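Owing to the predicted nature of the structure, the values given are computational and were not obtained by experimental measurement. By convention in this document, chain letters (A, B, ...) are assigned in the order of the sequence lines, proteins followed by strands, and residues within each chain are numbered from 1.
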Number of protein chains: 2
Amino acid sequence: MIELRQLRYFMALAEHLHFGKAAESLHITQPPLSRQISALEADLGVVLFSRHSRSVELTAAGRDFQQHAKTALAELDLAIRSTRASARGERGELRVSFTMVAAWILLPELLKAYSDAYPDVSLALNEVLPRDLGPALERGEADIALTFPSSGSKSLCYRALRREPLCAVLPASHPLAAATEFSIAALADEPFITFPRQTAPALHEAVMSCCRRAGFEPKIRLETHLQQTIVNLVAEGLGVSVVPGSMRKMRMPGVAFKAIDRSPPVEYGVIWNPRNENPCLNTFLRCVGVEETGDRGPAQV
Amino acid sequence: MIELRQLRYFMALAEHLHFGKAAESLHITQPPLSRQISALEADLGVVLFSRHSRSVELTAAGRDFQQHAKTALAELDLAIRSTRASARGERGELRVSFTMVAAWILLPELLKAYSDAYPDVSLALNEVLPRDLGPALERGEADIALTFPSSGSKSLCYRALRREPLCAVLPASHPLAAATEFSIAALADEPFITFPRQTAPALHEAVMSCCRRAGFEPKIRLETHLQQTIVNLVAEGLGVSVVPGSMRKMRMPGVAFKAIDRSPPVEYGVIWNPRNENPCLNTFLRCVGVEETGDRGPAQV
DNA sequence: CCACATCCATACGGAAACGGAATCGATGAT
DNA sequence: ATCATCGATTCCGTTTCCGTATGGATGTGG
């Protein structure tokens with residue numbers, strides 16, 4: 001059976017066309033080289049070199065073998081370097097799941113920084129509902145999720161990356177839309193558009209405490225999952241809402257955003273599965289400033 | 001240093017994802033397989049398989065390595081098969097030199113038969129003057145020559161393949177052109193266009209003996225090397241000539257070909273260098289019906 | 001013409017690598 | 001709790017490989 005040693009020896013001899021010189025370049029002596037070349041020729045059943053009295057030269061078949069062996073060895077070298085890069089998380093695939101809200105504030109800058117630092121990692125983006133992030137990470141269908149803190153499984157890790165205040169959103173036609181002074185308490189009697197609690201418990205709690213602090217319990221008229229759908233419905237005049245401040249970036253016509261005094265911060269961050277062995281996950285976490293503690297503790301919710 | 005054995009073992013394990021089954025498929029026991037995989041991982045500095053309690057699976061880097069290793073092994077297999085084919089003369093390059101005259105009669109059928117039988121041999125055709133055939137073969141610049149017998153070097157081999165009679169060629173405007181009865185003796189006083197003797201001694205001798213048998217010595221007006229140039233000059237009315245019968249195929253307007261009674265045959269064949277190691281030469285010779293006697297005797301001239 | 005140098009092939013001995021049998025340790029299954 | 005499964009480890013006999021020394025063929029220079 002042919003071995004790589006024989007190929008390496010062959011390539012050296014094909015280059016030097018002299019057993020002594022080739023052996024020297026391989027840091028071995030001449031007899032082993034002679035034997036390995038003979039063994040290779042015997043395995044192939046083909047004479048690769050014609051040994052004349054004063055010269056060694058490649059046969060036609062030898063030149064053919066040299067061509068192919070060169071590409072085979074190059075392919076093998078590529079395999080080694082590529083695999084090492086893969087293991088270092090410098091190449092491969094990272095599957096990023098995110099909710100639309102996170103996309104507005106976190107996604108662009110994080111992905112820009114990461115793909116600049118690791119251009120050989122292909123990014124597979126997938127926007128999902130907040131409630132689907134946890135299961136996707138658990139099942140290994142995604143490597144990292146960008147969203148608010150999740151009350152998901154205890155086996156996932158979470159690190160906060162950004163905080164921002166909430167803001168009220170109301171139809172542009174609403175009397176309060178043009179007011180210079182705004183207090184959330186003014187919305188006490190307005191119909192609210194919110195989302196189911198289990199979709200994003202932390203965000204839901206922030207919205208609720210915002211209202212309670214102003215002394216009222218919101219009257220919920222509609223519930224839908226995605227924040228941008230909420231803004232869309234507000235634009236249609238169906239109600240008002242309280243959403244993360246970065247939703248302003250939507251620049252949706254027909255709505256007005258209003259800052260909320262002493263708004264509780266809503267937090268965004270990354271969630272991942274510590275059992276995930278994708279090396280690109282480590283490079284990503286390092287890139288976004290998460291020091292890997294190595295602990296596999298549960299997510300901080 | 002990585003060896004092919006490790007790649008083969010790796011591929012088997014990557015396929016079976018079970019050390020016992022993979023070892024069985026390799027006709028070895030499990031311990032050596034474990035060791036070789038470990039050694040491969042150590043050489044790469046990369047963990048290729050994640051061994052869990054009840055399952056073995058490829059890591060991301062392992063999948064990457066599998067991809068590249070597969071193509072590298074395929075390239076190597078291609079190298080082996082291609083090299084063996086090369087050695088059998090089933091692929092490679094055959095450099096065929098020939099004179100124009102041989103091209104009319106020998107070249108098409110021989111090359112058709114050969115390239116049908118050996119489609120992976122690329123043919124490099126090169127038309128040369130007869131006097132250059134021998135040196136080209138001697139210097140290894142050509143593998144085979146199609147021409148008439150050469151008085152060239154004693155180190156070359158020759159085998160006859162075809163014989164044909166000579167024929168006279170004269171301008172269409174010549175009084176003899178339309179004659180039904182023709183004898184070469186009628187050209188005794190015509191200016192002849194021939195070629196230098198050393199260009200093709202055997203053919204030259206045949207032409208001369210043709211005339212002498214008719215009782216005259218040709219009056220040579222012009223000499224040029226190539227037979228078709230001779231026919232061109234005859235068409236211009238510069239003289240007459242005696243050329244191989246297959247020159248009729250030129251269908252040159254302005255000339256008439258006349259059969260010669262009891263013409264001495266002119267012979268065509270192949271010339272090659274017995275020291276030439278190109279395996280395609282052997283397949284070519286076998287293909288055209290030359291049994292290789294293995295003797296390295298001089299050419300039969 | 002003969003001694004010599006060059007170069008590849010071959011013979012032999014020690015070292016390293018390999019494969020096989022037995023065993024260990026960990027993990028699920030019954 | 002017992003057993004079965006599976007990969008890792010240990011130990012040993014065999015094979016393979018490398019290095020030194022030598023052989024054999026060829027070309028060179030005195």
Side-chain angles (χ1 to χ4, degrees), chain A residues 1-59 61-63 65-66 73 76 155 274-275 277 296, chain B residues 1-59 61-63 65-66 73 155 275 277 296:
Chain A
M1 192 66 83
I2 293 175
E3 277 300 337
L4 272 185
R5 180 194 347 269
Q6 298 169 332
L7 262 70
R8 299 192 186 101
Y9 288 9
F10 168 83
M11 292 304 288
L13 182 56
E15 183 188 349
H16 292 89
L17 293 176
H18 185 289
F19 280 75
K21 308 280 179 58
E24 187 180 5
S25 80
L26 292 166
H27 305 106
I28 60 171
T29 55
Q30 171 260 321
L33 178 59
S34 286
R35 260 173 297 148
Q36 293 291 349
I37 296 295
S38 295
L40 177 61
E41 289 178 326
D43 276 335
L44 289 173
V46 170
V47 177
L48 300 172
F49 295 94
S50 54
R51 289 88 153 164
H52 295 111
S53 47
R54 266 341 228 200
S55 67
V56 173
E57 56 186 29
L58 281 163
T59 62
R63 279 187 295 275
F65 191 68
Q66 184 185 27
L73 288 175
L76 195 61
S155 65
R275 293 189 313 279
E277 290 175 339
R296 298 195 163 188
Chain B
M1 193 65 84
I2 292 175
E3 276 301 336
L4 271 185
R5 181 195 340 270
Q6 298 170 332
L7 261 70
R8 299 193 186 100
Y9 288 9
F10 168 83
M11 292 304 287
L13 182 56
E15 184 187 348
H16 292 89
L17 293 176
H18 185 288
F19 279 76
K21 307 282 178 57
E24 186 181 6
S25 80
L26 292 165
H27 305 294
I28 61 173
T29 55
Q30 170 258 322
L33 177 59
S34 286
R35 270 190 311 251
Q36 294 290 349
I37 296 295
S38 294
L40 176 61
E41 289 178 326
D43 276 336
L44 289 172
V46 169
V47 176
L48 300 171
F49 296 93
S50 54
R51 290 87 153 166
H52 295 112
S53 47
R54 270 337 233 198
S55 69
V56 173
E57 55 187 29
L58 281 163
T59 63
R63 278 188 296 274
F65 191 68
Q66 183 185 26
L73 288 175
S155 66
R275 292 189 312 279
E277 290 175 340
R296 297 195 164 189

Trainee: Under 4.0 Å, heavy atoms only, any strand: does B:F49 hit a base, just the sugar-phosphate, or nothing?
Mentor: nothing

Trainee: Answer yes or no: does a side-chain N or O of B:S34 lie under 4.0 Å from OP1 or OP2 of D:dA8?
Mentor: yes

Trainee: Can you say whether a donor on the side chain of B:R35 sits under 3.5 Å from an acceptor on the base of D:dG7, or the other way round?
Mentor: no

Trainee: Using a 4.0 Å heavy-atom cut-off across all strands, classify B:Q30 as base, sugar-phosphate, or nothing.
Mentor: base

Trainee: Can you check whether B:R54's main-chain N or O pairs, donor with acceptor, with B:H52's side chain at less than 3.5 Å?
Mentor: no

Trainee: Counting N and O atoms only, with roles assigned by atom type, does the side chain of A:R51 sit under 3.5 Å from a partner on the main chain of A:F49, one being a donor and the other an acceptor?
Mentor: yes

Trainee: Quick one: A:Q36 CD to D:dT15 C1', roughly how many Å, whole number?
Mentor: 13 Å

Trainee: Provide, to the nearest angstrom, the distance between the NZ atom belonging to A:K21 and the C1' atom belonging to C:dC7.
Mentor: 11 Å

Trainee: Is A:T29 close enough to D:dC18 that one of its side-chain N or O atoms is under 4.0 Å from OP1 or OP2 there?
Mentor: no

Trainee: Could you state the atom-to-atom distance from NE2 of B:H52 to C1' of D:dT5 in whole Å?
Mentor: 17 Å

Trainee: Okay, side chain of B:R63, backbone of B:L58: is any donor-acceptor separation there less than 3.5 Å?
Mentor: yes

Trainee: Where the side chain of B:P32 is concerned, which of D:dG19, C:dT6, C:dG19 is the nearest nucleotide?
Mentor: C:dG19

Trainee: Determine the contact category for B:H18: base if any of its heavy atoms lies under 4.0 Å from a base atom, sugar-phosphate if only primed atoms, P, OP1 or OP2 are that close, otherwise nothing.
Mentor: sugar-phosphate

Trainee: OP1 or OP2 of D:dC18 sitting under 4.0 Å from any side-chain N/O of A:Y9?
Mentor: yes

Trainee: Could you state the CG-P distance from A:L17 to C:dC7, rounded to the nearest angstrom?
Mentor: 13 Å

Trainee: If you assign A:R54 and A:L33 each to the DNA chain D nucleotide with the nearest heavy atom, which residue ends up on the more 5' nucleotide?
Mentor: A:L33

Trainee: Look at the side chain of B:S50 and the backbone N and O of B:T59, then say whether any donor-acceptor pair between them is shorter than 3.5 Å.
Mentor: no

Trainee: Could you state the CD-P distance from B:E3 to C:dG19, rounded to the nearest angstrom?
Mentor: 12 Å

Trainee: Which part of the nucleic acid, if any, lies within reach of B:R51 when heavy atoms closer than 4.0 Å are counted: base, sugar-phosphate only, or nothing?
Mentor: sugar-phosphate

Trainee: Take atom CD1 of A:I28 and atom P of D:dT20, then tell me their distance rounded to the nearest Å.
Mentor: 12 Å

Trainee: Backbone N or O of A:F19 within a donor-acceptor pair of the A:Q30 side chain at under 3.5 Å?
Mentor: no

Trainee: Measure from CD on A:E24 to C1' on D:dC18 and round the result to the nearest Å.
Mentor: 17 Å

Trainee: Check the distance between C:dC18's C1' and B:Q6's CD and give it to me in whole angstrom.
Mentor: 11 Å

